[in-house]
Amino acid sequence: MKLKFELKYTDKLTASRLGTITYNGKTYETPMFMPVGTNATVKTLSPEELKEIGSGIILANTYHLWLRPGEDIVAHAGNLHKFMNYDGPILTDSGGYQVFSLAKQKDITEEGVKFKNHLNGDTLFLTPEKSIEIQQKLGSDIMMSFDECVKWPSTYEYVEKSVERTLNWAKRGKSVKKENDQLLFGIVQGGEYEDLRKHSAEEIVKMDFDGYSVGGTSVGEDKPTMYKMVEYSTKYLPIDKLRYLMGVGDPIDLIENVMRGIDIFDCVSPTRLARHGHAYTKHGKINIKNSKYKEDFTPLDETCNCYACKSYTKAYIRHLITNDETFGARLLSIHNINYLHRLMDEIRIHVKNGDMKEFRDQFIKDYYGK
RNA sequence: GGAGGAAUAGCGAAGUGGUCAAACGCGGCAGACUGUAAAUCUGUUCCUUAGGGUUCCAUAGUUCAAAUCUAUGUUCCUCCA
């Protein structure tokens, strides 16, 4: 079944938007946060738990599923939905992030990217065509173009070349796409350079993708730079298509970037931080391993409605985490993803109310205590 | 009763004359994490007023210098009776 996006409302004071995604008879509201399940699982959580906390689209990763179990096995299972038992929408990243996190600069050529398989040392070669072919076999609902996620900072000269390469790759990927229900998104790159972002966005829009991503953020840049990168990108994107900011999930960044016209976000933070013992709360991020929680028999966040907060205390979760008990990671993952989903709920209300700036300022006071 | 062996920081364990406040691991205390090579990684962990001070079972020695060598004692382990 095909995923459909409808823009419902645009804020007058900011670039914030409200919309709906319909898929498989269900409607999801945007702006939305998407949990990451790289390896065809949102680490420690079942699909039922994800639905319980209100997850909509979730992510999976082309590169990792290509290596294991292999796209053919997923295809033999039916598709990714059947393989992992998730009937909500699934978005696959193209492997573009692995160009940033795994490849060396010299491994990147016009043709594609050479990887050293971290599992057995094989040399692998991923191209834009190959990435789309794998994603088609995986059967995700939203496929991403294969791009180069450039490290920050990078020189203008390097980013300029990289943008051309990513545009080329987008075209090549699109050319092998079959006519089916899968959507394909283009990705805007261009580093922190306004004219390169503009060029990247305008050219990618000309290719007419089903939606657009802002890439190349959350690679170590400071927040003002990230926000600029987003602004330089979204202002050249068509209003009626979904806009996805890749890899961003810090609570304040969700608010700031909704205000800059983003509809959907993904980030590993809630689940990784959970496994490392951290919880988002109304009053900032806490480290449950800190000894001050040893005898704290209150919930992670008094204002939270999640399963972990309804039934368990900080002291107990601390005990689980310090003993490497998986249940602790699961409780914190439930809590953190739920926190981001509830934050998006609030954001939607404030977009509708037209008071996003006030909401942002109050959030900063509560979260950072200033 | 006899014969061997061992005692090192919170725990385990290296070190067997100077480069030793003492490797390493665990535990403890903190920190980082952004389209997940991440249930991972980093720092720190005798005391300190930051100048130093006090350590390697105890005591007495040898030596310019001892965790390291000697003597005695204490405790523990193994084997034999």
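The shown structure was predicted, so the numbers you read here are calculated from the model rather than taken from an experiment. Below, chains carry the letters A, B, ... as their sequence lines are ordered, and counting in each starts from 1.
- OP1 or OP2 of B/A30 sits under 4.0 Å from a side-chain N or O of A/Asn290.
- Remark: the separation of the C1' atoms in B/U44 and B/C26 is 15 Å, to the nearest Å.
- Considering every non-hydrogen atom in both A/Arg172 and A/Thr127, the closest pair reads NH2-CB, 4.1 Å.
- For the C1' atoms, the distance from B/G51 to B/A65 is 24 Å, rounded to whole Å.
- No hydrogens or angles considered: a donor-acceptor pair under 3.5 Å links the side chains of A/Arg197 and A/Ser233.
- Side-chain polar atoms of A/Thr298 and A/Lys314 form a donor-acceptor pair below 3.5 angstrom.
- A/Gln135 and A/Thr92 form a side-chain donor-acceptor contact under 3.5 Å, judged by distance and modelled atom types alone.
- With both ends at atom C1', the span from B/C80 to B/U70 equals 29 Å, rounded to whole Å.
- Checking A/Glu164 against A/His199 by side-chain atom types alone, a donor-acceptor pair falls below 3.5 Å.
- For the segment residues 330-344 of chain A, the set of residues with a heavy atom within less than 4.0 Å of an atom of RNA chain B is empty.
- For B/A66, there is no paired nucleotide, since no Watson-Crick or G-U wobble pair has both relevant distances below 3.5 Å.
- Only the C1' atoms considered, B/G1 is 47 Å distant from B/U45, to the nearest whole Å.
- Separation of the C1' atoms belonging to B/A81 and B/U63 is 43 Å when rounded to the nearest angstrom.
- Of the N and O atoms on the side chains of A/Asp301 and A/Tyr280, not one donor lies less than 3.5 Å from an acceptor on the other residue.
- Both the sub-6.0 Å distance and the 45° axial angle are satisfied by A/Lys174 relative to the ring of A/Phe209.
- With P as the reference atom, B/U68 and B/U59 are 13 Å apart, rounded to whole Å.
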Heavy-atom contacts, protein to nucleotides 33-39 of chain B, under 4.0 Å, summarised as B (base), S (sugar-phosphate only) or - (none) per nt, yield BBBBBBB

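- Annotation for A/Tyr23 and A/Asp87: closest pair CE2-O, 3.4 Å, computed over non-hydrogen atoms.
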